[in-house]
Q: 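Here it is, the structure in full.
Convention: sequence-line order gives letters A, B, ...; per-chain numbering from 1.
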Amino acid sequence: MVTDGVPTWEEVARDHGRFMYSVAYRLAGNDEDAQDLVQESLLRVHRGLERYQPGSLEGWLARIVTNVFLDEVRRRRRRPADALPDDPERVLPASPAADEVSSGLSDEIQAALAALPEEFRVPVVLCDVADQSYEQIAAALGVPVGTVRSRLHRGRRLLRTMLTEGAA
Amino acid sequence: MSRGRRVGIALGLVALVAATGATGVLPGAYADDAVTVLDRARTATVREDFAGTVQIEWLDDGGWRSARTKVTGAGGAVQVGEGARQAGGRAEDRWIAGVTGWEVGWDEPVARKSPSPATRWDLTVGTGIPVAGRATVMVTATDPKTGAPRVRAYCDKATGVMLRREVLDRQGRVVRAVGFVEVARLGGATAVPPSAPQVVERRPSARGTDPTPDTVRALPARFAAPDRVTGFVLAGRYERADGTVQLYYSDGLFGVSVFQQIGVLDPGGMPEADARVRVREAVALGYEVAGGSVLVWERDGVTRTLVSDATAADLREFAVAFDDRAADGDGLVDRVADFLFGPFGWR
Amino acid sequence: MSRPPIPPTGSVDPDDTVLSAYLDGECTDAERVALDARLADSADLRAALAEVAAARDAVRGLPLRDAPPGFFERLLAEGLPEASAAVPTPAPVPDDLTARRARRTRRWTAVGGAAAAAMLAVVVLVPRPASVTPPVATFTDAHAVRSSLQDDVVSSLVPLGVRAGFRP
């Protein structure tokens, strides 16, 4: 149920929590940070800090999760001790959930994705996980569409290279 | 050699092949090449020896599920499973492990061939991600109406064996996958042939696997069997030992079995459903299991069970169209009269 | 709009961002026409496109990620940490999936009630045939056997080698 076109945070959590978590996990690379991202994102939904305009609800939610993620990246850059982990051991869950499919293929792709610099990872996740258009990604990141196109392509090239060689 | 290095070398080989023009992605093009790759995959498991572990993954309402089992191929025979869960095949024979021994799963030629997948789907060939450490060629089947990929098949570059098959939903998300997580001997040393049974029983077992069903030429009254349903073509109709009629439909990529039984559905005896979905006026029980998506519903005293490796949404679309065709098969008055007075005869 | 110059055959820049835009349906008509022409001529370019497509498909093929069990349940039961004082705590909900299931059950209970009433009317007037309980596990096995005759043998037969997955 959506009131006046604006969903409550509970409705968002119930109906779109899995989508938000997937985006958060692919951005952050681990469950701990993904939970923080989703919680903070729901808080922003609750506070109305991010204006919802009826349309693509998942696009709006992906944008919120991304903004929270980028804010966190900037915050941790100011505090290097908290830097996001580069250790591949950290970006993979220590033990998969009981019923989670743990295919080697998915793990390798996730590890490569997590190892991408965030300037490339964010457009890749928004495009290929959240299914956002270049225009939506550009709006979310506050950059021109051409920049999105360039970063997305470079991100995919890097990803390909890492899957080919970097796992060694 | 590290796993990553092996992956790197495998991907490098694929890229080399792609660069020589043997593969490449051209949306909407090279359908013939894709069909060739898929055809080659179908026969490769007969030509090649291999032994490995296959993982099947599927998404149900509670999340991802997965299971693994052993697979062996040698001497033209393939066998999957261990212990009480085993099945195998050679040419057009299939055998299944029963309680007391091997039983026939199928032993007759298939009369009608499935349509080409290129009839309904846009097929492209590209470079695949390595699977079980082996370089692959990837065939992608795309819905021409939406542009969404619906199946990705990763075939071994060297031998053609299909190493992984992914089914995607209409939003392009993987919802079902089956693939090798490890494979040995492929393209190399001879594997030990699987224990193909010499003696099999033609009888139902406690496990419920019927002997091979007989091809039905005349359908029992009140059973429907339209030739085409939502892009699927009827490729076989069979009567099982208990009188159930099985129809098999194919669109070249997915298969749908329709099991029809006379009788009112008793939901109390059914497993807990993953979903309840509407099929026209009826409410169907939906399941997502290792064997595929399942829908069960009843109309006018005929209970129908659909099983398919297609997605739940596609299966529901099929069910609605099938139910609609079944209802249109006879006039309402005829159907009521048949229902009240008609013998369950043959027409 | 003038047509971009077509680079000579064999001249492949893997960093050409048009490759990603082409795959995403985000390039201009002129770019698409030009690239189609170049692809038809250049195996190198086809290979470069294939590499980008493989990376793109790899990420798109990643499954949705579920939050650890209890994550959304706790949020919905306890409220958001900084928002709980501002809003009434919602009634505890098992989890988003269970909640969806429960809503569906209510919905279908209503539908089922109407259907049951209609069925009752029919039963009074017309004798019904015997009830049946389809052996769905057997049917899935039979489907796998039939599929294996015309599709890939291994992937078709694998369900016969594992537990069916039906809940008791």
Side-chain angles (χ1 to χ4, degrees), chain B residues 15 18-19 21 23-26 41-42 45 54 56 61 63-65 67 69 71 78 80-81 85-87 89 92 94 105-106 110 114 126-127 129 162 165-166 172 174 178 208-209 246 248 255 257 259 261-264 266 269-272 276 283 289-291 294 296 301 303 305 307 340, chain C residues 23 25 39 43-44 46-47 49-51 53-54 57-58 60-64 66 97 101 104-105 108 111-112 115 126-155 157-168:
Chain B
T23 62
V25 168
L26 278 179
R42 271 189 280 271
T45 43
V54 172
I56 186 165
D61 207 23
W64 279 93
R65 312 288 173 194
T69 192
V71 178
V78 172
V80 303
R85 297 288 311 182
Q86 288 191 70
E92 288 174 311
R94 297 289 180 270
W106 201 278
V110 174
S114 298
T127 310
I129 297 292
M162 190 181 292
R165 183 176 190 267
E166 298 171 343
V174 176
V178 55
T209 50
Q246 177 186 2
Y248 184 77
S257 284
F259 297 89
Q261 298 170 282
I262 297 293
V264 180
D266 173 16
M270 301 293 290
E272 181 190 347
R276 293 171 187 272
V283 176
V289 295
V294 179
V296 187
T303 295
T305 304
V307 185
L340 288 174
Chain C
L23 293 169
L39 286 168
D44 288 348
R46 287 201 295 274
L49 184 66
E51 290 193 353
D57 286 345
R60 284 179 176 255
L62 287 170
L64 283 176
D66 282 318
L97 287 171
R101 221 181 245 170
R104 268 209 310 269
T105 303
W108 287 114
V111 173
V126 180
R128 302 285 285 176
S131 65
V132 293
T133 304
V136 281
T138 300
F139 286 172
T140 56
D141 285 353
H143 172 74
V145 166
R146 178 59 184 81
S147 287
S148 72
L149 294 164
Q150 287 177 318
D151 292 322
D152 178 59
V153 176
V154 171
S155 55
L157 287 183
V158 161
L160 286 163
V162 301
R163 285 184 294 108
F166 286 101
R167 298 175 196 175

Q: Going from CZ on B:Arg42 to CG on C:Leu149, what distance comes out if it is rounded to the nearest 0.5 angstrom?
A: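 It is 12.0 Å, given to the nearest 0.5 Å.
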Q: Using non-hydrogen atoms and a 4.5 Å limit, figure out which bit of B:Thr305 sits close to chain C: side chain, backbone, both or neither.
A: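 Only the side chain of B:Thr305 comes within 4.5 Å of chain C.
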Q: Using the six-membered ring wherever Trp is involved, compare the ring planes of C:Phe139 and B:Phe259 and label them parallel, tilted or perpendicular (cut-offs 30° and 60°).
A: parallel
Q: Just jot down the side-chain contact (heavy atoms from CB on, under 4.5 Å) partners of C:Ser148, sequence neighbours excluded, or say none.
A: B:Arg94, C:Ser156, C:Leu157
Q: Would you call C:Val154 and B:Met162 a side-chain contact if the rule is heavy atoms closer than 4.5 Å?
A: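 A side-chain contact under 4.5 Å is absent here.
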Q: With a 4.5 angstrom heavy-atom cut-off, which part of C:Ala144 approaches chain B: side chain, backbone, both or neither?
A: neither
Q: So which part of B:Val178 gets closer than 4.5 Å to some heavy atom of chain C, the side chain, the backbone, both or neither?
A: side chain
